[in-house]
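The block underneath contains the structure these notes are about, expressed in structure tokens.
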Amino acid sequence: MSCRIRNSLNGDELTIKESKLLEISKLRSLIEGHFKVEPSLQRLYFKGKLLEDESDKGQKLTLFDYSVGASDVIQLMPRQVLGEQNTSNQAEVKTEVKGKVEPADEPEQAWQVGGYVDAKCSETGAWFLALVKSANLDENKKWVYSIKFTEYDGEHSVAESDIRNIASNKLGISDIKVDDKIFVNYNFDN
């Protein structure tokens, strides 16, 4: 079986040809060899679910246990150690901003062209990782973004309200101060 691992920070991919019985812990070793990300810093997601090495009962989990099939994509979201954070999640994309508004009247653009974001699919209502390709002001001076989902072909237009940040840093309660704006991913299954 062949599946792909995609680094959500830079879009780099690794294609592996392994058995569906490959243990997640061994998959992490393959990922470490290609992406140079230690297994302890790897967060692997498939269909919105965090892949764990072992079940609650101590059994080693495999790709089969998560129903990973041929040509499926597993997302790698590397954790970054506080103090060693690289805030650049930019892909090399030509910047394109359109709109016939005087610069002084132009509202601030929330999402940078070339950056990765979490975007809502209008067809399914689900949120997926996407690359911001361009930003345009509509007739109401609201930003509309052209994005490309990492899982789908083609570009899609989405309103600013259908885009949110991707969580890329783990913070402790003591790291959060009054008036800080943070984005929280919470897995309700755990």
Side-chain angles (χ1 to χ4, degrees), residues 1-82 84-93 114-133 147-156 158 163-171 183-190:
M1 177 196 73
S2 170
C3 69
R4 294 177 294 161
I5 314 299
R6 181 175 297 137
N7 186 332
S8 64
L9 293 181
N10 61 17
D12 189 19
E13 285 192 5
L14 165 67
T15 301
I16 60 166
K17 294 182 176 159
E18 293 286 340
S19 164
K20 286 183 120 179
L21 299 177
L22 177 69
E23 294 174 358
I24 302 301
S25 59
K26 292 181 181 169
L27 173 65
R28 291 183 192 280
S29 297
L30 294 173
I31 291 170
E32 180 180 23
H34 181 80
F35 293 108
K36 308 295 186 232
V37 177
E38 295 177 31
S40 64
L41 299 177
Q42 296 174 15
R43 289 179 296 168
L44 302 174
Y45 291 92
F46 179 66
K47 294 187 177 177
K49 202 143 180 76
L50 179 65
L51 304 187
E52 300 286 346
D53 293 351
E54 294 183 352
S55 70
D56 295 338
K57 297 175 182 169
Q59 296 174 328
K60 293 193 181 241
L61 296 172
T62 65
L63 295 175
F64 178 80
D65 294 318
Y66 288 101
S67 302
V68 176
S71 301
D72 282 340
V73 177
I74 297 171
Q75 294 290 337
L76 165 65
M77 296 183 83
R79 286 188 179 113
Q80 293 180 336
V81 179
L82 290 175
E84 297 177 8
Q85 297 173 2
N86 175 3
T87 58
S88 171
N89 67 343
Q90 305 301 307
E92 292 189 26
V93 176
Y116 284 91
V117 296
D118 212 14
K120 187 175 182 181
C121 175
S122 60
E123 296 173 14
T124 63
W127 295 81
F128 298 100
L129 185 68
L131 174 67
V132 178
K133 302 288 274 185
I147 56 108
K148 183 189 179 308
F149 289 111
T150 57
E151 302 293 321
Y152 302 109
D153 291 330
E155 291 186 22
H156 303 271
V158 295
I163 295 180
R164 63 186 185 192
N165 200 1
I166 57 173
S168 58
N169 301 320
K170 185 175 181 179
L171 300 174
F183 174 77
V184 179
N185 270 349
Y186 184 77
N187 185 349
F188 291 99
D189 293 340
N190 291 340

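FYI, side chains are in, hydrogens and waters are out, and symmetry mates aren't considered; it's all heavy atoms of this structure. FYI, the numbering just counts along the sequence from 1.
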Between NE2 of H34 and NZ of K36, what distance do you get to the nearest 0.5 Å?
8.5 Å
When rounded to the nearest 0.5 angstrom, what is the spacing between CG in L41 and CZ in F35?
14.5 Å
Could you tell me whether the side chain of Q42 and the main chain of V37 form a donor-acceptor pair under 3.5 Å?
yes
In Å and rounded to the nearest 0.5 Å, what is the CD to CG distance from Q75 to L9?
10.5 Å
Check whether Y66 reaches the backbone of E52 with its side chain - one donor and one acceptor, N or O, closer than 3.5 Å.
yes
Under 3.5 Å, side chain of S8 to main-chain N/O of L76, donor-acceptor pair present?
yes
Do side-chain atoms of R79 reach the backbone of S40 as a donor and acceptor pair under 3.5 angstrom?
yes
Under the side chain to side chain contact (heavy atoms under 4.5 Å, CB included) test, which residues partner A70, sequence neighbours left out?
M1
S55 vs L61 side-chain heavy atoms within contact, under 4.5 Å:
yes
Would you confirm whether R164, through its side chain, and D118, through its main-chain N or O, come within 3.5 Å as a donor-acceptor pair?
no
Which atom names give the shortest non-hydrogen contact between S67 and D72, and what distance separates them?
O-OD2, 4.0 Å
Is there a side-chain contact (heavy atoms from CB on, under 4.5 Å) between L44 and L27 once you walk through the steps?
CA-CA 10 Å; L44 302 174; L27 173 65; 4.1 Å; yes
CG on L51 to CZ on R43, rounded to 0.5 Å
12.5 Å
If you look only at distance, which donor and acceptor atoms sit under 3.5 Å apart when one is on a side chain in residues 11-20 and the other is two or more places apart or in another chain?
from	atom 1	to	atom 2	distance (Å)
E13	OE1	R4	NH1	3.4
E13	OE2	R6	NE	2.7
E13	OE2	R6	NH2	2.5
S19	OG	L21	N	2.9

If only atom types and distance count, is the side chain of S25 paired as donor or acceptor with the main-chain N or O of D53 below 3.5 Å?
no
Candidate pair V158 and I163, rule side-chain contact (heavy atoms from CB on, under 4.5 Å), full reasoning
CA-CA 8 Å; V158 295; I163 295 180; 3.6 Å; yes
Do the rings of F149 and H156 sit parallel, tilted or perpendicular, given the 30° and 60° boundaries?
tilted
Worked check of side-chain contact (heavy atoms from CB on, under 4.5 Å) between I74 and I31:
CA-CA 11 Å; I74 297 171; I31 291 170; 5.9 Å; no
When you look at I24 and T62, which way does the side-chain contact (heavy atoms from CB on, under 4.5 Å) test go after all the steps?
CA-CA 5 Å; I24 302 301; T62 65; 5.9 Å; no
Taking atom OH of Y116 and atom NZ of K148, what is their separation to the nearest 0.5 Å?
8.5 Å
